[in-house]
Structures are given as C-alpha cells and as structure tokens.
Amino acid sequence: MAIGKPEDVFHRVVREEGYWGRYEASESDNGLDGFISDAYRLMNGSFTDQQQRLVTDDGGHPDLYFGAIEADENDVNALAFIEDGWAMVGVTNGLFASLYSLFAIACQDHDLVRSFESEVGTPEASEIFALLYITAINFAANNELGHLVHGHCSSTARGPRTVRRERLLQADAACRLRSQAAEVDADGYATHMTLQNLLNGPARDAAAGQLGVLPDDPQLDENLLRVFLAAIICFFHCLQGALVAKDVESRSHPFELLRINFVITDLRGWCSTHRPQLAHWPNQDDFARIGDMVRNAVSSSGIEDAWDTQTAFLGSDAGQQYRDRLYHERNVLRKQMEPLQWRVL
C-alpha cells in the first residue's frame, strides 16, 4: 500500500535524484505551462485507467502517479521509480519545453499540416500541434511506466531504489546491451498503451475533432497512426545525438532510428490484434514519406540531424547484426523478467 501524498513523495525523490523538485505548472497559462498542466491531468487520468488493469506480485493494483520535474532547462529527461509503495513517472520541464518548441516549428510547415487533411478539409495547425504534442508526451510517460510494468525497477518498498532515465549515455559495462533491451522493451509497452488510448474511446473522439472529421470516418484509424508515427519521429529527433558506430553497444539506450524500428514492429503487432486491416502499416514508402516530411519540417530547429548516419549504419552488415542481437536480447530479457512483471488484465 502506498504511503504519503504522492506529490510530496515525488518532490522528495526527484530532489534526492539531483533535480530541483516537483514542477507546478500554472493552469491558467495559455502556453507551455498550460500544456504541462493538461499533460498532468491527462496522464494521471490514463494511469488511473491503466492501474485497474495491472496486477502486482502481491495481487493488488499498483498506485501510479505522473508528475513534472523542475530542473535546468537543458535537462531533457524522463524517469521512473518506485518509492513508499508509489510507482512514479516524471518528465522534466526541459523535455516538455523542447518538445513544445519542436512541435511549434514543425506545425509551421504547411506540408506537414496538410498531410492530415481529409475530404472534409485541412485541420488547423494549432489542433495538429496539440495532438502531436500530447501523443509524444503520452509515449514518453508510457515508456517510463513500461519500465515499472516490465520489472526493470525495484518492485518493493524495501528494495533499493532503481531509477530508469530516458537519457543516460553510458551504462555499466556488464549490462549495456541488457539496458538497451530494457529500453526497447519499454518502448513496446508505450507503443501499445499510446495506440490503445489514441485509437479508442474519448481520446479517439477528441482526436477526430482535432482532425476535423467524425469518429466514424473510414480513414480515421490510418490518419491516427500517421499522427502517432509523426509524433514519435519528432520525439526521437528531440533526443538524438551523434552516432559513432564503434560505440553503439556502449550506450545505455539504442540509437533513435533503431528504436523507431522496434516501435514500428510493435505498432504492427498492435494493429494485427486490434486493427487487422492495417497490420502491415506502415510499409517502407509510408515510413520514408512521413520521416522525410517530419525531417524537413523540423530542419530549422537547430537540433543535430543524424538520420543519414543512422540509416547508413542500420543498413550495413554491422548494423543488421547489432539489430538482430538487440531483438534477441529483448526476448531473453522478457523471459528473465517474467517473475517481476506486473500482470496486464
């Protein structure tokens, strides 16, 4: 059973982890703070729904909490941990701000906005911005929650605190590939949960309104998959850095294009169960078209563009062998983590 107010526990832990504390956004702000406040409300609502479908090793439902972290504006990060019975996810104000700026730039591109048009018309750029932004935050938060669900963090209040971070360039030498496997494993959970939310229920209806169509529009599902993929590519563009081929296995996280490769595999897996008519989406041309469009839309962001280098490496023999090792390691990790995983009802 969780102990204490979640806001107080969250504030204490993030301070102990070197941050400034819990970020309290102004609900009346029409800019970034307003979006952070919306994300806080939406993600805690999503977590409340998810925790009813999650069962921990003691047979109960986990107590989940999502919060924003106050940190240096250049600290672009997200993390997950368990403390005092609370399973917690945090996103730094730096990540919120970086994504806000990136999507603001992207949505100034008319081709990007028009790519989501339908026979009814073209949606407003402001609506596409809001939809892409909250989809990316949803994915980031669900990625961190995935570490908790899949047993990557200490699962009892008595155990040592294990904190998973979105950005940590180096991992312990003995477990680097394992750390990368845990990351794409959590990406898989994030993909399934974000799609489950985006393509069903109230979120689907809201997204249809933002796209300017009715919820029963026959093209809505594929359009929402394009929203998801565009948001994910922007999210990973925000995180990307230089790729040094000889160092790929010394990182704590795989390079971003390979993570997208795993996300697409999991997206197709979700569709094969829930939207079988789209089980093979996206094909190579679909992905190239969306990727090129997003890349062009964010070209003025000032973020280093390493996509060509990553594409060349992934297409090489060494890149394919590394990819295959990581897929194998993810399968091994999932088997090893079974005793620690929460059950999903």
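A quick note: this is a predicted structure, and the numbers were derived from the prediction, not measured. Counting begins at 1 with the first residue of the sequence.
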Between the main-chain N or O of [Y] and the side-chain N or O of [X], is there a donor-acceptor pair closer than 3.5 Å?
X    : Y    : value
R251 : H253 : yes
S98  : L95  : no
N142 : L145 : no
Q320 : L314 : yes
T56  : G60  : yes
T135 : L131 : yes
H11  : R22  : yes
H61  : Q51  : yes
W86  : G4   : yes
T194 : T191 : no

When you check the side-chain N and O atoms of [X] and [Y], is any donor under 3.5 Å from an acceptor?
X    : Y    : answer
Q240 : D305 : no
H152 : D185 : yes
Y327 : T265 : yes
N138 : Y133 : no
N223 : R226 : yes
E183 : H147 : yes
Q180 : Y322 : yes

Rounded to the nearest 0.5 Å, how far apart are [atom1] of [X] and [atom2] of [Y]?
X    : Y    : atom1 : atom2 : result
H110 : S115 : NE2   : OG    : 13.0 Å
S301 : L102 : OG    : CG    : 5.5 Å
R275 : T273 : CZ    : OG1   : 11.0 Å
D266 : R268 : CG    : CZ    : 11.0 Å
W270 : Q196 : CH2   : CD    : 5.5 Å
E124 : C107 : CD    : SG    : 11.5 Å

Return yes when atom [atom1] of [X] has more than 12 non-hydrogen atoms of other residues, nucleotides or ligands closer than 6.0 Å, and no otherwise.
X    : atom1 : value
R343 : CZ    : no
D317 : CG    : no
Q52  : CD    : yes
E7   : CD    : yes
E119 : CD    : no

- Do F10 and Y65 have ring centres separated by under 6.0 Å?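 Ring centroids of F10 and Y65 are less than 6.0 Å from each other.
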- Message: In this structure, is the centre-to-centre distance between the rings of F66 and Y40 below 6.0 Å?
- Response: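 Judged by ring-centre distance (under 6.0 Å), Y40 and F66 do not meet the cut-off.
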- State plainly whether the residues D308 and R295 are in salt-bridge range, i.e. N to O under 4.0 Å.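 R295 and D308: salt-bridged.
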- Residues D84 and R12 bridged, charged N to O under 4.0 Å: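 Answer for the salt bridge query: yes.
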Any [X] side-chain heavy atom under 4.5 Å of [Y] side chain:
X    : Y    : result
Q210 : P123 : no
C153 : V163 : no
I303 : V298 : no
D221 : Q277 : yes
L340 : D57  : no
L326 : P254 : yes
R334 : M337 : no
F139 : F236 : yes

In the single-linkage hydrophobic clustering (I, L, V, M, F, W, Y; side-chain heavy atoms under 4.5 Å), do [X] and [Y] co-cluster?
X    : Y    : value
V294 : I264 : yes
L199 : L220 : yes
V184 : V332 : no
L132 : I105 : no
I290 : I128 : yes

Taking all heavy atoms of [X] and all of [Y], pick out the closest pair and write down the distance.
X    : Y    : value
A106 : L112 : O-CD2, 3.2 Å
A279 : C271 : CA-CB, 3.9 Å
A181 : E329 : CB-CG, 3.6 Å
A78  : E144 : O-OE2, 3.6 Å
I233 : W307 : O-CZ2, 4.1 Å
A71  : N93  : N-OD1, 2.8 Å

- Go through the steps to decide whether Y19 and D75 satisfy the test side-chain contact (heavy atoms from CB on, under 4.5 Å), and finish with yes or no. CA-CA 9 Å; Y19 299 101; D75 193 335; 3.2 Å; yes
- Query: Could you walk me through whether V76 and L99 pass the side-chain contact (heavy atoms from CB on, under 4.5 Å) check?
  - Reply: CA-CA 9 Å; V76 177; L99 289 173; over 6 Å; no
- Message: Pair R204, D217 - check salt bridge (charged side-chain N to carboxylate O under 4.0 Å, His left out), show working.
- Response: CA-CA 11 Å; R204 175 189 170 86; D217 186 287; over 6 Å; no
- Message: Let's go through R259 and E166 carefully: what are the C-alpha distance in whole Å and the side-chain angles of both, what is the deciding distance for salt bridge (charged side-chain N to carboxylate O under 4.0 Å, His left out) to 0.1 Å, and is it a yes or a no?
- Response: CA-CA 12 Å; R259 289 181 70 178; E166 176 57 45; 2.6 Å; yes
- Please walk me through it: do H150 and Y189 pass side-chain contact (heavy atoms from CB on, under 4.5 Å)? CA-CA 9 Å; H150 289 174; Y189 182 86; 3.8 Å; yes
- So W20 and I69, side-chain contact (heavy atoms from CB on, under 4.5 Å) or not? Walk me through it. CA-CA 7 Å; W20 299 344; I69 300 169; over 6 Å; no
